Amino acid sequence: MIWVLSVIHFNANVLAVDGETLKVYVWLPDSAVSGPDTLPLPVILVRTPYDTIGLSSSYIPIITSLGYAYVVSTFRGYWGSTGIRLPFLAEGWGTLHDGLDVSNWISSRPWYNGKICMAGGSALGFSQYFLGGTGFPLTCISPAVAGISLYNEVYPGGVMRRFIAEYWLTGVGATHLLDSIEKYYIYSDTTPWAWVNGYNRLSYYTFPVLHLTGWFDAFTEGAIWGFLALQYYGGVGARGKQYILIGPWMHDLSIRTVGDLTFPPNANSLSATDFAFNWILYHTKGLGWDWDTVPPVIFYLMGDVNSPDTTLFNRWVKTDTFPPRGGYTTSLYLHSDGRLLPSTPTPDTLTYFYDPNNPVPTIGGFDYIGGPIRDSILFGPRDLTPWEGRGDVLVFSSDTLSEPLIVIGSPEVELLVSSDRYDTDFMVFLADYYPSTGKSILITEGVLRMRNRNGTDREELITPGDTYRIRIRMRNTAYAFNTGHVLKLYITSSKFPSYEPNPNTGAPFQIDDPVRLVATNSIYIGDSRLILSTYDPSVLVEERKPKTSPYCYAHLSEIRCNGAKVLKVYDVRGRVVDVKGVRRGVYFVKTTRGIFKVMVR
């Protein structure tokens with residue numbers, strides 16, 4: 001037993017269902033044993049492959065000082081846990097369910113009071129979604145930058161996200177799983193993908209969830225669709241009790257410069273960390289924010305970063321669902337002269353040659369998942385104009401906008417297409433053209449493998465020369481294209497290394513297929529169109545003062561509040577204390593304007 005900063009820290013071994021040992025690291029406040037406070041305590045649990053600390057070492061004394069048991073458990077094969085490394089595949093409800101085994105162990109500890117919440121992002125976030133689907137009675141979870149279904153994150157539209165898969169598996173020393181990813185490229189409930197597909201287990205989620213993500217994160221779609229699925233179809237205790245925060249961020253959820261854009265300072269006026277902290281406080285101790293007064297959906301409406309006006313865009317919007325109610329459909333049709341217009345065009349055909357040995361190079365996108373390469377040209381909203389000189393990229397431009405066009409939700413592109421091969425890919429990219437800089441900034445994208453046009457749970461090769469009507473759904477976004485700007489739509493068949501190039505053969509999928517054929521791909525002008533969910537500014541909820549704006553503070557040994565009457569002051573155990581004479585620690589002040597946290601140093 002080691003004593004550090006008034007914290008009891010020890011580790012233990014948990015036996016997994018197959019006999020492997022899962023390492024658990026536990027921190028308890030020493031006052032829980034030697035002081036006036038007694039056990040048991042609520043638990044904050046983290047499952048991770050990265051280290052034995054979980055969140056951040058700076059958080060540990062804060063967590064324990066608030067009266068929590070903090071538990072970090074490492075994935076099998078990592079940091080003292082034995083077994084073959086199977087990141088995520090042993091986290092769900094398959095034959096191996098390590099997260100459940102650890103949770104059951106916690107349930108038998110004398111220091112556990114029956115309340116357990118989870119926190120963390122990326123792999124730590126995925127593990128929360130997957131433990132949630134086992135049916136274990138969690139109190140709450142707060143997954144950040146993660147998704148509810150692993151297959152959907154690896155194979156959107158049936159196209160393998162090669163960069164993310166290889167980069168992450170290499171980083172965690174588990175590249176042997178690339179063979180399984182290659183083998184199970186078609187989704188089936190009889191494959192390991194089913195063990196980590198929360199959509200099949202919605203009724204097992206019986207607790208509230210706070211989903212945290214960013215518009216340029218790698219896993220935005222999994223968070224949004226997970227929010228919607230659980231909000232309307234989750235089990236009792238989950239349904240109607242979902243919240244989501246979406247900022248203009250990448251995987252870090254804190255830096256307002258993403259790619260070629262820097263959003264105004266108000267982009268960080270809301271903090272994902274504050275949201276998670278208050279979420280757990282509320283559900284375990286009844287402290288922190290009153291979540292009954294917080295809108296279920298809070299997202300940042302992005303727009304022209306060169307405009308100083310943040311009343312229409314580049315501001316936070318708060319609604320009760322996503323997309324907000326009150327939107328209407330706007331269609332812009334593809335014309336053979338490269339225009340993107342509301343009017344239907346004269347029928348025509350545009351053809352290009354796609355060579356998988358010379359794929360379109362990745363510029364910008366949604367593949368950043370951490371590490372020192374954040375500023376790479378591969379990530380974020382980047383300028384796509386270098387693509388415009390390629391013969392395998394079709395570009396369509398709207399008229400210059402006479403007023404802002406607000407797009408919220410998932411844009412779609414409906415195309416009539418053909419190919420001279422048995423399989424190929426089509427990819428679409430929506431960009432905002434800035435006339436002041438000449439840059440065409442990527443906002444969202446969508447991809448589709450033709451063999452999966454009717455679903456990623458089946459493959460149906462196409463007949464060379466036949467025409468097919470397809471609809472490609474892009475990633476969700478919330479963006480205002482400003483007056484004087486132009487919408488640009490790029491259509492092609494590759495983006496490497498983001499996606500594994502389609503070899504165009506129709507053969508079973510393999511990474512780096514040595515047999516590659518050039519495809520002649522055609523887009524038929526007439527009914528092909530860009531479909532947008534657009535909004536008038538008046539229908540959007542006005543921005544409210546952020547919950548994180550404090551107006552209670554400690555002056556000497558007294559707690560004071562500006563613009564509100566202090567009703568009661570509580571310590572972290574929920575006990576009422578005198579407003580005067582407070583000592584060092586964290587307190588919660590109930591006022592006529594809500595409950596606020598004050599730290600006395």
Side-chain angles (χ1 to χ4, degrees), residues 47 88 91-92 117-133 138 140-156 161 164 168 196-199 201-202 205 207-234 238-239 241-254 258 270-276 279 294-302 316-324 365-370 380 408-410 444-446 473-479:
R47 289 276 300 156
F88 301 135
E91 295 302 297
C117 286
M118 299 184 73
S122 198
L124 287 64
F126 278 101
S127 67
Q128 295 177 57
Y129 281 119
F130 301 150
L131 176 55
L138 292 163
C140 71
I141 62 175
S142 53
V145 290
I148 196 171
S149 168
L150 194 59
Y151 177 87
N152 290 1
E153 304 300 344
V154 178
Y155 280 106
R161 297 176 77 179
I164 283 181
W168 192 78
V196 283
N197 178 12
Y199 296 116
R201 307 274 294 189
L202 295 178
Y205 295 82
F207 45 84
V209 182
L210 171 64
H211 312 257
L212 302 164
T213 191
W215 288 126
F216 298 101
D217 179 47
F219 310 118
T220 314
E221 293 301 274
I224 292 176
W225 290 106
F227 162 80
L228 292 170
L230 292 173
Q231 183 77 328
Y232 297 108
Y233 304 105
R239 194 180 314 123
K241 297 182 180 179
Q242 304 295 301
Y243 290 77
I244 189 167
L245 174 71
I246 316 170
W249 308 308
M250 292 203 298
H251 203 63
D252 36 49
L253 296 189
S254 60
V258 289
L270 299 184
S271 161
T273 300
D274 283 351
F275 269 68
W279 179 256
V294 177
V297 178
I298 303 177
F299 66 88
Y300 194 84
L301 175 60
M302 304 177 290
W316 292 96
V317 175
K318 305 182 180 185
T319 69
D320 61 353
T321 191
F322 188 87
F366 311 89
D367 298 332
Y368 179 67
I369 53 174
I408 303 175
S410 176
T444 184
E445 68 185 36
R473 186 181 63 80
M474 297 191 200
R475 291 168 50 98
N476 280 279
T477 190
Y479 194 87

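Bear in mind that the values here come from a model prediction, so they are computed numbers and not experimental data.
In this structure, L131 and I141 have side chains that are not in contact, with every pair of non-hydrogen atoms separated by 4.5 Å or more. A heavy-atom distance below 4.5 Å is not found between the side chains of Y368 and V258. Side-chain contact check for F219 versus T213: every heavy-atom pair is 4.5 Å or farther apart.
Aromatic pair F227/F322: ring centres not closer than 6.0 Å.
Between T444 atom OG1 and M474 atom CE the span is 6.5 Å, to the nearest 0.5 Å. For the atom pair CZ (F299) and CH2 (W316), the distance works out to 10.5 Å, reported to the nearest 0.5 Å. Going from atom CG of L245 over to atom OG of S142 covers 12.0 Å, rounded to the nearest 0.5 Å. A distance of 10.0 Å separates CD of Q231 from CD1 of I244, quoted to the nearest 0.5 Å. Note that CD1 of I369 is 6.5 Å distant from OG of S122, once rounded to the nearest 0.5 Å. In this structure, OG1 on T220 lies 13.5 Å from NE2 on H211, to the nearest 0.5 angstrom.
Scanning both residues, A272 and L253, for their nearest heavy atoms gives CB-CD1, 4.1 Å. Considering every non-hydrogen atom in both P143 and V209, the closest pair reads CD-CG1, 3.7 Å. Across every non-hydrogen atom of G370 and H251, the tightest pair is N-CD2, 3.9 Å.
Classified by interplanar angle (parallel below 30°, tilted 30° to 60°, perpendicular above 60°), the ring pair Y243/W279 is perpendicular.
Of the residues Y129, Y151, F126, the one that meets the ring pair (Phe, Tyr, Trp, His ring centres under 6.0 Å) test with F88 is F126.
The environment of Y233 atom OH is sparse: at most 12 non-hydrogen atoms of other residues, nucleotides or ligands sit within 6.0 angstrom. Heavy atoms from other residues, nucleotides or ligands lying under 6.0 Å from CH2 of W225 number 12 at most.
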Take W215 and W249, measure what side-chain contact (heavy atoms from CB on, under 4.5 Å) needs, and give me the verdict at the end.
-> CA-CA 6 Å; W215 288 126; W249 308 308; over 6 Å; no
